[in-house]
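Protein chains get the first letters and strands the later ones, always in sequence-line order, with residue 1 at the start of each.
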Protein chains: 2
Amino acid sequence: MAIKSREEEKFKALLKTRRLKYTVDRKAIYREVMRLSGHFNADSLYERFKNQGSRIGRDTVYRTLPLLLESGVIQKSAGLSKREFFERTSAKGHHDHLVCVRCGKIIEFKCPEIETFQAKVFSEYLFQPICHDHRLFGICRSCR
Amino acid sequence: MAIKSREEEKFKALLKTRRLKYTVDRKAIYREVMRLSGHFNADSLYERFKNQGSRIGRDTVYRTLPLLLESGVIQKSAGLSKREFFERTSAKGHHDHLVCVRCGKIIEFKCPEIETFQAKVFSEYLFQPICHDHRLFGICRSCR
DNA sequence: TTGAATGCAAAACCTTTGCAAGCTC
DNA sequence: GAGCTTGCAAAGGTTTTGCATTCAA
């Protein structure tokens, strides 16, 4: 619960910085995202609203996800399709993905050392970090 | 020239593994890619052929790039659009990208330590490495 | 009150695909 | 000759956009 609120503050803070509003729809999208533990995309999230009888539009979802991404509440996930996948950052903590290009299997990995060096790169170039996309592609053992 | 041939061998080797053919078109695409030092995408490469009066089709380019990618001759590059960008691996050696989400500026960085840990992840999960996509998104100093 | 957000529908976009004809090996 | 490759054209599928209306601060 503590984490949940802190996440919400991050989202609100981003909106404030951008002089954007914390509307009913954005709140609903934020809340729905917090209920998800797996990966999702704009469309699957929209479908959830539709199934619940909510009138939140697909476009609103498409427009809100980049804001959640930038605020750090969600992060990019992985998949073989061109589609963009996301997942809640706090669900399992931050991690990256290893993708088998043959069977599409996706493995989550955590590598704190990589995170450390990433942070160094950001600071070396005087960038304020927002997020990153790190996917390793290869062929898994069973596909070889 | 030595490097050039070695690259070509890598490409040929991949084709052989997949029982694919080293056709005239694939050779032409390989050669054209070797002439490029900056980043490109399927379409811009196709345009180059068109401007040269070559009859190589857009589709062939689209179908060949994944093969060059898998053989390691090219790697993914970065951009803000959904479009896929590539660049020759040997042009500047392997590197990754730092992208400013405000102005779109792209900075290339090299971080050998990250590469080392990536290799560890691949071997830990028994994956045969093919390539990776590593982009750091943030806000550059002048945009803040 | 003012600027932002939303829904609708349409557009835009890049990429992929099926198929018949032509090449490679 | 068998199977892969290519060009054509069309489809595909996701994401974006313009605009009028509604809403938040």
Nucleic acid contacts of residues 62-71 of chain B, taken as heavy-atom distances under 4.0 Å to DNA chain D: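 Residues of residues 62-71 of chain B that come under 4.0 Å of DNA chain D are, in numerical order, B/R63.
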Taking A/I74 as the starting point, is it possible to reach A/I56 by hopping between hydrophobic residues whose side chains are less than 4.5 Å apart?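 Linked, A/I56 and A/I74 end up in one cluster.
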Are B/V99 and A/F127 linked, directly or through other ILVMFWY residues, by side chains that come within less than 4.5 angstrom of each other?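 The answer is no; the residues belong to distinct hydrophobic clusters.
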Determine whether B/D96 and B/H132 satisfy the following criterion, side chain to side chain contact (heavy atoms under 4.5 Å, CB included), listing intermediate values before the conclusion. CA-CA 9 Å; B/D96 294 301; B/H132 65 263; 3.2 Å; yes
Kindly compute the distance separating CZ (B/F109) from CZ (A/F122), expressed to the nearest 0.5 Å.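 Nearest 0.5 Å value for the CZ-CZ distance: 8.0 Å.
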Is A/D43 touching bases, backbone alone, or none of the nucleic acid, heavy atoms closer than 4.0 Å?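 The answer is nothing, as A/D43 stays clear of every strand by at least 4.0 Å.
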Determine the contact category for A/N41: base if any of its heavy atoms lies under 4.0 Å from a base atom, sugar-phosphate if only primed atoms, P, OP1 or OP2 are that close, otherwise nothing.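 Nothing, no nucleic acid heavy atom in range.
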Under-4.0 Å salt bridge between B/R135 and B/D133: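 A salt bridge links B/R135 with B/D133.
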One thing to verify: whether A/D43 and A/R83 come together as a salt bridge, which I'm taking to mean a side-chain N less than 4.0 angstrom from a carboxylate O.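 Yes, A/R83 and A/D43 are salt-bridged.
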Step by step, work out the side chain to side chain contact (heavy atoms under 4.5 Å, CB included) result for A/H134 and B/Q118. CA-CA 10 Å; A/H134 194 187; B/Q118 272 180 178; 2.6 Å; yes
For the pair A/E7 and A/K10, evaluate salt bridge (Lys or Arg N to Asp or Glu O under 4.0 Å) and give the outcome as yes or no after the intermediate values. CA-CA 5 Å; A/E7 295 290 299; A/K10 278 158 65 176; 3.4 Å; yes
Take N1-N3 plus N6-O4 or O6-N4 for Watson-Crick, N1-O2 plus O6-N3 for G-U, both under 3.5 Å. Which runs of 3 or more such pairs involve DNA chain D?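 C:1-25 with D:1-25 - these are the stems of 3 or more pairs that involve DNA chain D.
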Contact summary for B/R26 and B/T64, nearest pair of heavy atoms: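 The answer is CG-OG1, 4.0 Å.
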Using the benzene-type ring in the case of Trp, are the ring centres of A/Y22 and A/Y30 under 6.0 Å apart?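 No - the distance between ring centres of A/Y22 and A/Y30 does not fall below the 6.0 Å cut-off.
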Nearest nucleotide by nearest heavy atom, which residue falls closer to the 5' end of DNA chain C, B/A42 or B/V24?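 The 5'-side residue here is B/A42.
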If you pin B/T23 and B/D59 to their nearest nucleotides in DNA chain D, which one's is more 5'?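 Checking each residue's closest nucleotide, the 5'-ward one belongs to B/T23.
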Non-neighbouring partners of A/E70 that pass salt bridge (Lys or Arg N to Asp or Glu O under 4.0 Å), sequence neighbours left out: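 If we apply the salt bridge (Lys or Arg N to Asp or Glu O under 4.0 Å) test to A/E70, skipping adjacent residues, the hits are A/R18, B/R102.
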For chain B and DNA chain C, what are the first and last nucleotides along the strand, 5' to 3', with at least one atom under 4.0 angstrom from a heavy atom of the protein chain?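 The protein-touched segment is C/dC14 to C/dC25.
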Can you tell me if B/S71 uses its side chain to pair, donor with acceptor, with the backbone of B/L14 under 3.5 Å?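 Not confirmed, B/S71 side chain does not pair with B/L14 backbone.
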Tell me the ring-ring contact (aromatic ring centres under 6.0 Å, His included) pairs involving residues 31-69 of chain A, sequence neighbours left out?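 Every ring-ring contact (aromatic ring centres under 6.0 Å, His included) pair that includes a residue of residues 31-69 of chain A, provided the two are not neighbours, is A/H39-A/F85.
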Between which nucleotides of DNA chain D, read 5' to 3', does contact with chain A run, using atoms under 4.0 Å from its heavy atoms?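 So the contact region on DNA chain D extends D/dT14 to D/dA25.
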